[in-house]
**Student:** 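Here it is, the structure, as structure tokens.
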Number of protein chains: 2
Amino acid sequence: MKQIRPTESELEILGVLWEKGPSTVREIHDILSQTKDAGYTTTLKLMQIMHEKELLQRDTSSKTHVYTAAISQQKTQQQLLDKMIDTVFGGSASQLVMQALGHHQSSGEELEKIRQYLTAIEKEQKENR
Amino acid sequence: MKQIRPTESELEILGVLWEKGPSTVREIHDILSQTKDAGYTTTLKLMQIMHEKELLQRDTSSKTHVYTAAISQQKTQQQLLDKMIDTVFGGSASQLVMQALGHHQSSGEELEKIRQYLTAIEKEQKENR
DNA sequence: ATTGTTGTACGAATATCTTCGTAAACAAAT
DNA sequence: ATTTGTTTACGAAGATATTCGTACAACAAT
């Protein structure tokens, strides 16, 4: 399986693309520059490199190119999670889960969803025993 | 608050130190080289740099130095989680939790622990309403 | 004492990431 | 047609991370 390792800056860009969908460099840059301090050409260059690396696709049919994420959020999440669980949480996923639950408030709804999820997993485990 | 940003390789070393406790370069290297391919002096150099950065402490009283992690696993976990939730999971901790639960088998005990944790959090939320 | 082994220190090469200046293409406005 | 603003392309500098060769010190075994 192909190992994708986006850098920190690349993840920021992917994050925006995942949320907003296909975007121009200008759009990405405007959003990023709210929280970060970098020139326009920096963002441009990054996205060009990401295109070379095949992290992004782009449509060059008009003068202003439109970029799209070429890797799915899900897959990227899973990959980064796996590595993190492995190196930082000593291999224990539930350790990570509890740490995450502890320090971020989630709405009651979200907690309820997680609870249902737990139940489903436990049920599945019983069946496969 | 001081932002710590260990690199990938540094995290690997920290991971071993957190698990095994104080260790020599040789011990760390032997473990890492099971899954990674790097020379001994590379590991040594990395740990020396980490000591300069104050990521590691070391005892130089004997010829063979003994290194210890200078930052806690908990704090590092939290910091990395926060950033990850922010950039990769669009700010949703529960999104991360479900993704993590989905693709890693946890024992029934662990799941039970998480369930209790959930209950505690929900109770707390009610009280603070 | 000589040899072999294991360790640290140091410097430098290499690789990778990040940043930005500059030039050229293009379109809209004057 | 010239100016102005927006965009891409490119190259190169700067910053950071990774890798390893070499030298030297400590020590054990012969």
Side-chain angles (χ1 to χ4, degrees), chain A residues 2-17 22-68 71 76 80 83 87-88, chain B residues 2-17 22-68 71 76 79-80 83-84 87-88:
Chain A
K2 189 170 54 172
Q3 267 299 76
I4 41 178
R5 319 261 295 39
T7 68
E8 199 49 44
S9 309
E10 289 173 344
L11 276 179
E12 288 175 1
I13 290 171
L14 283 169
V16 178
L17 283 170
S23 311
T24 65
V25 174
R26 172 64 55 193
E27 289 164 340
I28 301 285
H29 177 68
D30 285 352
I31 290 175
L32 289 186
S33 58
Q34 285 169 16
T35 56
K36 202 191 177 186
D37 174 21
Y40 173 81
T41 50
T42 302
T43 306
L44 170 67
K45 181 68 168 187
L46 270 174
M47 292 177 70
Q48 286 172 340
I49 291 173
M50 290 172 76
H51 176 245
E52 276 173 30
K53 290 188 191 172
E54 304 198 310
L55 291 174
L56 304 184
Q57 292 184 300
R58 69 177 174 184
D59 174 354
T60 59
S61 61
S62 60
K63 185 199 163 186
T64 304
H65 303 174
V66 178
Y67 288 80
T68 320
I71 60 178
T76 309
L80 294 177
K83 166 150 275 175
T87 62
V88 188
Chain B
K2 189 169 53 170
Q3 269 297 79
I4 42 179
R5 319 261 288 52
T7 68
E8 200 46 45
S9 309
E10 288 174 344
L11 275 179
E12 288 175 1
I13 290 172
L14 283 169
V16 178
L17 282 171
S23 311
T24 65
V25 175
R26 173 64 57 193
E27 289 165 341
I28 302 285
H29 177 68
D30 284 352
I31 290 175
L32 289 185
S33 57
Q34 286 168 17
T35 56
K36 202 191 177 184
D37 173 20
Y40 173 81
T41 50
T42 301
T43 306
L44 170 67
K45 181 68 168 187
L46 268 174
M47 293 177 70
Q48 287 172 338
I49 290 173
M50 290 171 77
H51 176 245
E52 276 172 30
K53 289 189 192 172
E54 303 198 312
L55 290 174
L56 303 184
Q57 290 183 301
R58 69 175 174 184
D59 174 355
T60 59
S61 60
S62 60
K63 184 199 163 185
T64 304
H65 302 174
V66 178
Y67 289 79
T68 320
I71 59 179
T76 309
Q79 210 142 112
L80 295 178
K83 166 151 277 175
M84 188 152 174
T87 62
V88 187

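Everything quoted here is computed from the prediction, not taken from an experiment.
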**Student:** Is there a side-chain polar atom (N or O) of B:Arg26 under 4.0 Å from OP1 or OP2 of C:dT6?
**Tutor:**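 No.
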
**Student:** Calculate the interatomic distance between A:Leu46 atom CG and C:dT19 atom P; express it in whole Å.
**Tutor:**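 In whole Å, C:dT19 P lies 7 Å from A:Leu46 CG.
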
**Student:** What's the CG-C1' distance between A:Leu14 and C:dC17, to the nearest Å?
**Tutor:**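 After rounding, the gap between these two atoms is 15 Å.
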
**Student:** Nearest 0.5 Å, please: how far is OH in B:Tyr67 from CG in B:Leu55?
**Tutor:**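 One gets 12.5 Å once the value is rounded to the nearest 0.5 Å.
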
**Student:** Using modelled atom types only, decide if a donor and an acceptor are shared between the side chain of B:Glu12 and the backbone of B:Leu32 within a distance under 3.5 Å.
**Tutor:**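 Flag not set: sc B:Glu12 to bb B:Leu32 has no pair under 3.5 Å.
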
**Student:** To the nearest 0.5 Å, how far apart are CD1 in B:Ile4 and CD1 in B:Ile71?
**Tutor:**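 Going from the CD1 atom of B:Ile4 to the CD1 atom of B:Ile71 covers 4.0 Å.
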
**Student:** Just how far, in rounded Å, is P of D:dT6 from CD of A:Glu27?
**Tutor:**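 Between P of D:dT6 and CD of A:Glu27: 15 Å.
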
**Student:** By nearest heavy atom, map A:Gly39 and B:Thr60 onto DNA chain C; which one lands nearer the 5' end?
**Tutor:**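 Upstream on the strand: B:Thr60.
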
**Student:** Using a heavy-atom cut-off of under 4.0 Å over every strand shown, decide if A:Thr7 touches base, sugar-phosphate, or nothing.
**Tutor:**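 Since only primed, P, OP1 and OP2 atoms lie under 4.0 Å of A:Thr7, the category is sugar-phosphate.
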
**Student:** Over all strands shown, is A:Glu10 touching base, sugar-phosphate only, or nothing at heavy-atom distances under 4.0 angstrom?
**Tutor:**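 If one applies the 4.0 Å heavy-atom cut-off, A:Glu10 turns out to touch nothing in the nucleic acid.
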
**Student:** Describe the nucleic acid contact of A:Thr42 in one word from base, sugar-phosphate, nothing, applying a heavy-atom distance below 4.0 Å.
**Tutor:**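 Answer is base: heavy atoms of A:Thr42 come under 4.0 Å of a base.
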
**Student:** About how many Å separate NE2 of B:His65 and CD of B:Gln48, when rounded to the nearest 0.5 Å?
**Tutor:**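 Rounded to the nearest 0.5 Å, the CD-NE2 separation comes out at 8.5 Å.
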
**Student:** May I have the distance from B:Met50 (atom CE) to D:dT18 (atom P), rounded to whole angstrom?
**Tutor:**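 Atom-to-atom, B:Met50 to D:dT18, this comes out as 10 Å.
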
**Student:** Measure the CZ-OG1 distance between B:Arg26 and B:Thr43 for me, rounded to the nearest 0.5 Å.
**Tutor:**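 If we round to the nearest 0.5 Å, B:Arg26:CZ and B:Thr43:OG1 are 9.0 Å apart.
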
**Student:** In whole Å, what is the span from the NZ atom of B:Lys45 to the P atom of D:dT22?
**Tutor:**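 That distance rounds to 16 Å.
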
**Student:** Look at the side chain of A:Lys53 and decide which nucleotide, out of C:dT18, C:dC17, D:dT19, has an atom nearest to it.
**Tutor:**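 Given the options C:dT18, C:dC17, D:dT19, the side chain of A:Lys53 is closest to C:dC17.
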
**Student:** Which part of the nucleic acid, if any, lies within reach of B:Thr41 when heavy atoms closer than 4.0 Å are counted: base, sugar-phosphate only, or nothing?
**Tutor:**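 B:Thr41: base contact, heavy atoms under 4.0 Å.
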
**Student:** Identify whether any heavy atom of B:Arg58 sits under 4.0 Å from a base atom; if not, whether one sits that close to sugar-phosphate; answer base, sugar-phosphate or nothing.
**Tutor:**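 Here B:Arg58 touches the backbone only, sparing every base.
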
**Student:** Rounded off to whole Å, could you give me the CG-to-P distance for the B:Leu44 and C:dA9 pair?
**Tutor:**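 Atom-to-atom, B:Leu44 to C:dA9, this comes out as 7 Å.
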
**Student:** For D:dT19 and B:Tyr40 - does any side-chain N or O of the residue sit under 4.0 Å from the phosphate oxygens OP1/OP2?
**Tutor:**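 So the side chain of B:Tyr40 is outside the cut-off, no N or O lying under 4.0 Å from OP1 or OP2 of D:dT19.
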
**Student:** Quick one: B:Gln48 CD to D:dT18 C1', roughly how many Å, whole number?
**Tutor:**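 That distance rounds to 14 Å.
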
**Student:** Could you tell me how far apart B:Glu8 (CD) and D:dT16 (C1') are, to the nearest whole angstrom?
**Tutor:**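 It is 15 Å, rounded to the nearest whole Å.
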
